[in-house]
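One-based numbering along the sequence shown. Every heavy atom of this structure was used, including side-chain atoms; hydrogens, water molecules and symmetry mates were not.
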Amino acid sequence: MWHDNETTVDYLNFGVVADACASLLKQANGEPISIGVSGGWGAGKSSLVKMIASRLESSSVEESLVEERNQEKHSFVVLTFNPWLYQDFESARSALLQIVGDEIVRLTSENKTITDKVSELWRRINLLRVAQLSGEAALTLTTGIPIGSLGKTVCKLAGWFTSDDKSSNESSDTDSIELSTSGLLKPSEPFSMPAHIQAFRDTLESILEELKITLVIFVDDLDRCLPQTAISTLESIRLLLFIRCSAFVIAADNDFIKAAVKVHFDGAGITGDVATNYFDKLIQVPLHVPRLGLNEAKAYLVLLLLERETNAGHFSKERFNHALSVIPEKLRNSWKGETINQEFLYELVEHVNALKSLMDLAQGLAALLHSSLAVNANPRLMKRFLNTVYLRDALSAPQGITLDIAALAKWHLLERCDESLAEELASRVHSDNDGRVQVLADAEAAAAGQNSLPEPFKNTPFTQQWLQLQPALGTEDLRPLLHLSRDSGTRDFGDDNMTPDSRKLRDALKVATNGHESLVELMRKIGPSQTELAMTKAWQSNSASRTWKSSKEIVMLIECCKVYTEIGNKAVSLLEQAPLKLIGPGLIPTLGAQSWAQQLLERWKDLNELPKTTRNAIVNLGRRR
């Protein structure tokens, strides 16, 4: 199974983008910079962010080795902040300030010359955090007049900046701080929040300059947060943004941010452009996660499959590392026309037949997962697709089922990308046809010959390509596949309770064009319950060939109900599933002669969906009585 965590191992050819982004941060040379990494859910934002961070951290290690030769060179200190982790526990804004403060304390633990600056920074962080606690605090900061208990706390914190007694305690927990009571704000000397924010920024910038570091803060999972948390985080970023020796890399889905801004300013009547501008003002360099092309999608599936085979011991670690090296190189040259083709993939696996079949599978799946709107080459969805396939594979052996991975993948692909067609085919799988669906076999043959497809298949590129995927399923028993796919639908193949004689009757009814004594004898032998079951199975089995025009098609219902009138209700329920537009007038005289069908015909007579000629036949039938 493949986990859903971000990674620095490059399966998506994101390394080039990560290198470029890291280079931009280095070239800033201490000037403030903000980069926005945007992309939809599951597109790979977190992995790209982690790759950028990894390159900066590696760069800092290399630069520390030559620090003596270049004393002015700034090193990078990387912080990662995930606001989603703090949702419902603590303000994301407070949490970000806390993390920055903790890192500054760690970096200055051996630098005694800037202790006072660090203490001042912490006090200002404390005041900013308390300022968010309630309306009392906000009003105190706005007016400079102590309001309530929180207002007094804010005043005491603010008083630190005029007190000679500097506390050495740098904790952000305001309840544990020994507050100085001197220097309380007075109405005549109001405390200025804008001035305090600027002082906080100046202090942080001074400390970073003195430490000769550039603080790079990576913000991830912003688009997993509730709108309020997302906006709170962005507001906190605003406090730290554009300070010298600082940089932000913010990963978020642009559409989500726009929606969050609209929720935050609900009732203000803001337009989409205003919501877009809100995020744009925070971001200097917009960076979109590259959408996977067909080559990238194929490479991603290949590496995932080879990774699994390596972990299982079926593919050597050396060969896998070789694939990790040559596949990205191939993708970097795709603009020259180089592609991930079958020959290249076979060479990767040294033409081992078992692994060649996996390479063929990756090629076939990639084309369909790339073109399907349901997946759209989304890395997370492709990974989940494979997880489902291999989970079903793990469930097969304990249940005595032997299936090829390619067959499991082909069926799940249809479930994922064309659910209605999958359900239609599943409904045609019965024990009486040994789990085989003839119309599927016909469609696969038609697709192979580039011919028109039979109903219920549609002549779309996806359907044509899916039918040509190996292995062919039309001649196979689909019951094992459907049994393993019970996570996506209820499966009932039905006739386990049928007796041998009941099966004989079922098979006889399927081909019957009129009544005869042998049918009657068999019905009387097995009784009404088994006759009803045989009638139902025969009716379902002939569904693909039924035209709804000829009276011969309903002989099985007529003959069974002649022997056992009590199963007429079941016959009616089967007829009620008819596609009304297809029912021809040829059925009406035969049905009109059956007492159990009278109420059904009365209902049909009033339905506009029924063809006019058929409704007229029902009306004329009533006149003759």
Side-chain angles (χ1 to χ4, degrees), residues 30-32 60 64 67 71-79 81 93-133 137 140-141 144 146 150 152-186 189-217 236-248:
E31 292 298 320
S60 291
S64 66
E67 187 176 350
Q71 292 293 332
E72 298 303 316
K73 190 72 174 179
H74 279 216
S75 61
F76 291 99
V77 174
V78 173
L79 282 180
F81 178 64
R93 184 185 305 180
S94 296
L96 178 54
L97 294 174
Q98 167 93 38
I99 287 172
V100 171
D102 287 342
E103 184 65 13
I104 294 298
V105 170
R106 186 188 70 80
L107 293 169
T108 59
S109 59
E110 297 181 1
N111 191 331
K112 305 300 181 185
T113 62
I114 57 175
T115 302
D116 286 351
K117 286 184 179 179
V118 175
S119 297
E120 180 184 350
L121 181 72
W122 258 121
R123 290 168 188 145
R124 295 194 183 281
I125 287 175
N126 284 329
L127 184 54
L128 286 169
R129 294 181 69 198
V130 173
Q132 301 172 73
L133 297 179
T140 296
L141 294 172
L150 280 172
K152 294 175 183 178
T153 301
V154 172
C155 289
K156 290 177 183 179
L157 282 169
W160 286 358
F161 303 116
T162 59
S163 172
D164 293 330
D165 180 18
K166 300 284 187 181
S167 170
S168 61
N169 189 349
E170 291 158 356
S171 168
S172 66
D173 185 353
T174 56
D175 293 333
S176 64
I177 295 175
E178 293 294 331
L179 297 177
S180 168
T181 57
S182 61
L184 293 179
L185 291 173
K186 302 178 180 63
E189 298 176 3
F191 178 75
S192 170
M193 191 55 160
H196 168 67
I197 290 174
Q198 188 57 50
F200 161 76
R201 289 167 58 85
D202 292 342
T203 303
L204 177 58
E205 186 175 283
S206 175
I207 292 173
L208 295 175
E209 286 276 15
E210 195 159 341
L211 291 173
K212 290 186 172 59
I213 63 171
T214 295
L215 186 63
V216 186
I217 303 174
S236 183
I237 290 170
R238 206 157 47 93
L239 290 174
L240 302 167
L241 203 60
F242 307 132
I243 295 174
R244 271 193 57 80
C245 303
S246 73
F248 273 90

Enquirer: If you measure from CD on Glu31 to OG on Ser246, what distance do you get to the nearest 0.5 Å?
Expert: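 Interatomic distance, Glu31 CD to Ser246 OG, rounded to 0.5 Å: 10.0 Å.
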Enquirer: For the residue pair Ile217 and Leu96, establish whether any side-chain heavy-atom pair is separated by less than 4.5 Å.
Expert: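 Yes - at least one pair of side-chain heavy atoms lies under 4.5 Å apart.
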Enquirer: When Val118 is tested against each of Ile104, Thr203, Leu107 for side chain to side chain contact (heavy atoms under 4.5 Å, CB included), which residue passes?
Expert: Ile104
Enquirer: Which pair of heavy atoms, one from Thr108 and one from Ile114, lies closest together, and at what distance?
Expert: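 Nearest pair, atom of Thr108 first, then Ile114: CG2-CD1, 3.4 Å.
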Enquirer: Could you check whether any side-chain heavy atom of Thr214 comes within less than 4.5 Å of a side-chain heavy atom of Leu208, counting everything from C-beta outward?
Expert: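 The answer is no, as the side chains (C-beta and beyond) never meet within the 4.5 Å cut-off.
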Enquirer: State the CG-CD1 distance between Leu240 and Ile197, to the nearest 0.5 angstrom.
Expert: 11.0 Å
Enquirer: Does some side-chain heavy atom of Ser75 sit less than 4.5 Å from a side-chain heavy atom of Ile213?
Expert: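 Touching, per the 4.5 Å side-chain cut-off.
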Enquirer: Nearest 0.5 Å, please: how far is CD1 in Ile207 from CG in Leu121?
Expert: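 Going from the CG atom of Leu121 to the CD1 atom of Ile207 covers 4.5 Å.
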Enquirer: If you look at every heavy atom in Val100 and Leu79, which pair is closest and at what distance?
Expert: CA-CD1, 4.2 Å
Enquirer: So, for Phe200 and Leu239, which heavy atoms are closest and what is the spacing to 0.1 Å?
Expert: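 That closest heavy-atom pairing would be CE2-O, 4.1 Å.
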Enquirer: Between Leu97 and Ile125, what is the shortest heavy-atom contact and its length?
Expert: O-CD1, 3.7 Å
Enquirer: Show your reasoning for whether side-chain contact (heavy atoms from CB on, under 4.5 Å) applies to Trp122 and Asp102.
Expert: CA-CA 9 Å; Trp122 258 121; Asp102 287 342; 3.5 Å; yes
Enquirer: When you check the gap from the basic side-chain N to the acidic O, do Lys117 and Glu120 get nearer than 4.0 Å?
Expert: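 Answer for the salt bridge query: no.
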Enquirer: Supply the atom-to-atom distance Cys245 SG to Glu205 CD, rounded to the nearest 0.5 angstrom.
Expert: 6.5 Å
Enquirer: Side-chain contact, heavy-atom cut-off 4.5 Å: Thr113 with Glu210?
Expert: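 Heavy-atom side-chain distance check passes, below 4.5 Å.
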Enquirer: Distance check, rounded to the nearest 0.5 Å: Ile243 atom CD1 versus Phe248 atom CZ?
Expert: 8.0 Å
